[in-house]
There are 2 protein chains.
Amino acid sequence: MIAVSEHNAPSDKHCPHNAAINCASCRLSAICLPLALAQDEIVQLDEIVQRGRPLQKGQHLYRENDNFTSVFAVRSGAVKAYSMSDSGEEQVTGFYLPGEILGMDGIGHNRYASSAVAMEVSAICEIPFANIEDLSGKLPNMQKHFFKLLSQEIVEDQRHITLVSKHTAEERLASLIVSISARNARRNLSPLNIRLPMSRTDIGNFLGLTIETVSRVFSRFAKQGLIEVDKKELVVLDIDALKTIASLGH
Amino acid sequence: MIAVSEHNAPSDKHCPHNAAINCASCRLSAICLPLALAQDEIVQLDEIVQRGRPLQKGQHLYRENDNFTSVFAVRSGAVKAYSMSDSGEEQVTGFYLPGEILGMDGIGHNRYASSAVAMEVSAICEIPFANIEDLSGKLPNMQKHFFKLLSQEIVEDQRHITLVSKHTAEERLASLIVSISARNARRNLSPLNIRLPMSRTDIGNFLGLTIETVSRVFSRFAKQGLIEVDKKELVVLDIDALKTIASLGH
DNA sequence: CGCCAGCTTGAGGACTCTCAACGTAAGTGG
DNA sequence: CCACTTACGTTGAGAGTCCTCAAGCTGGCG
């Protein structure tokens with residue numbers, strides 16, 4: 001699916017876009033697939049992971065109804081998944097940041113149920129699912145971890161259902177900000193200085209709001225001194241207030 | 001989790017509440033867990049399935065934050081799953097009809113992420129997850145099927161997100177009716193004469209609507225000649241119209 | 001410089017919610 | 001047997017949140 005680079009990249013192992021890297025040395029190993037595996041098991045995982053050249057912004061990882069072949073891990077950048085309903089409307093189903101796995105919605109029917117597109121230049125690890133199945137048969141840890149991953153995505157989705165069906169615009173947006181902040185923290189990035197990789201349109205679509213409402217709520221939060229926004233740059237001034245709003249009953 | 005009956009039930013194998021039944025002879029085998037397995041594999045599955053006495057209406061199968069031990073298959077009756085958010089509001093996450101599997105949201109964190117309660121007298125098969133993991137390591141079909149099941153639930157949930165975040169009250173309710181109708185058909189029940197096992201409150205909660213709105217839309221559909229409703233009895237008069245409404249863009 | 005995409009802000013309207021009253025059926029106790 | 005209670009559902013009127021439509025702003029790029 002991803003073109004594998006024909007020659008090895010130069011030796012800078014610290015560049016996150018660098019394809020010449022392995023799971024054991026990847027600085028995301030603590031939050032990505034290897035997290036459940038022993039050292040010798042990571043080596044086996046490493047052998048089936050394919051690392052392509054970076055995707056440019058707007059390039060697709062896969063498209064809805066493509067034959068399902070692989071799941072993907074984001075190494076750098078950011079990816080959005082979205083699906084098209086019968087009626088032609090787009091639904092953004094998720095944003096994927098470094099260390100996160102996507103594509104698992106394709107397992108069920110051997111076709112991807114969504115499309116995935118890079119929201120900025122992104123480095124991606126591709127993991128052929130047939131190999132994951134093999135490996136899962138051999139390594140109980142791997143099987144267990146994958147069951148967990150799938151189950152956690154179900155729980156996430158159910159939380160999201162609650163969010164969009166029972167919460168106000170302010171609660172939804174606060175919730176997204178808090179989520180991205182927490183995921184930044186997990187990667188040892190600042191939880192308060194955030195760069196939003198997605199457009200307002202994507203945010204609105206993901207949260208079940210129009211772009212205008214998203215814009216208005218951002219402005220309201222800024223006016224209240226909770227955040228500062230300048231386009232995609234977001235400074236969180238009062239994370240506790242946002243958490244409170246996010247967990248507010250309706 | 002479920003009390004296993006101390007003595008075998010009488011020999012009427014045709015009663016769906018009968019605990020003395022096995023997967024091979026279960027009339028739901030074509031749509032339940034065995035569907036992906038070979039004859040000799042079903043026997044192995046059968047050995048780990050525990051069949052309890054029927055649950056009465058209102059009895060819980062498990063509760064949110066209980067230790068995760070098993071997944072469950074509905075053999076007869078109907079079960080609803082729901083979760084409580086921090087703010088104490090209830091979110092109905094799914095309705096489970098005969099042949100359907102629930103409880104998989106517990107895999108991710110070894111605790112159930114939702115509670116499950118019988119909406120009417122229900123017979124349930126309990127399948128300890130540790131045994132499923134073992135069996136999955138031995139039977140690639142079993143592993144594959146479980147991956148599929150989990151993945152399909154993700155896709156379902158994402159569809160539901162679209163439903164509640166982008167569709168009108170009429171579209172949501174039409175969608176639910178069509179879904180239940182189709183699931184009835186899968187069990188060789190009438191797709192047009194439906195008994196709704198859940199209350200209006202549950203329907204509203206599931207669809208992100210208030211009970212009043214649900215009631216009004218039912219009335220509107222009836223007035224338009226699409227359905228007849230008398231409490232929980234539902235007669236579908238124009239399934240095509242409902243399908244059209246359900247798949248309407250916004 | 002002009003154009004376009006993305007975003008912001010305002011005004012009015014629509015859909016659904018809230019509040020409230022009423023209806024129906026089932027169960028309880030006198 | 002009937003009055004009472006309770007749970008559940010229906011229907012109506014008014015209010016609120018968010019959407020729609022519209023105009024204007026900003027920054028990047030040919």
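Quick note on labels: first sequence line is chain A, next is B, and so on, each numbered from 1.
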Please give, in whole Å, the distance from dT9(C) C1' to Arg220(A) CZ? 12 Å
Please answer whether the main-chain N or O of Phe206(B) pairs with a side-chain N or O of Arg172(B) as donor and acceptor at a distance below 3.5 Å. no
Does any N or O donor sit under 3.5 Å from an N or O acceptor when you compare the side chain of Glu170(A) with the base of dC18(D)? no
Choose from dT9(C), dT16(C), dT10(D) the nucleotide whose nearest atom is closest to any side-chain atom of Thr213(B). dT16(C)
So, OP1 or OP2 of dC15(C): does either fall under 4.0 Å of a side-chain N or O from Thr168(B)? no
Within 45° cone and under 6.0 Å: Lys80(A) NZ/CZ vs Tyr82(A) ring: yes
Would you kindly give the CD-to-C1' distance between Glu233(A) and dC7(C), to the nearest whole Å? 15 Å
Counting only N and O atoms by type, is there a donor-acceptor contact under 3.5 Å from the side chain of Gln59(B) to the main-chain atoms of Gln56(B)? yes
Heavy-atom nearest nucleotide on DNA chain D taken for Thr201(B) and for Arg172(A); more 5' hit belongs to Thr201(B)
Taking Asp157(B) for its side chain and Gln158(A) for its backbone only, find out whether a donor-acceptor pair lies under 3.5 Å. no
Nucleotide dT10(D), atom C1' - distance to NZ of Lys223(B) in whole Å: 11 Å
Ser199(B) side-chain N/O to dA7(D) phosphate OP1/OP2 under 4.0 Å: no
Between P on dA7(D) and NZ on Lys231(B), what's the gap in Å once rounded to a whole number? 15 Å
Over how many whole Å does the gap from Lys57(B) atom NZ to dC8(D) atom P extend? 7 Å
Please work out if Gly204(A) contacts a base, only the sugar-phosphate, or nothing of the nucleic acid, heavy-atom cut-off 4.0 Å. nothing
Pair Tyr62(B) + Phe72(B): ring centers closer than 6.0 Å: yes
Starting the side chain at C-beta, find the nucleotide from dG9(D), dC7(C), dC18(D) nearest to Ala169(A). dC18(D)
Taking CG from Asn205(B) and P from dG9(D), how many angstroms apart are they, rounded to a whole number? 13 Å
Could you tell me the separation between the CG atom of Leu207(B) and the C1' atom of dC15(C), rounded to a whole number of Å? 16 Å
Does Arg216(B) make a side-chain N or O approach to OP1 or OP2 of dT11(D) shorter than 4.0 Å? no
Please report the distance, rounded to the nearest Å, between CG in Leu196(B) and P in dG9(D). 10 Å
N/O (side chain, Thr210(A)) to phosphate O (OP1/OP2, dC19(D)) under 4.0 Å: yes
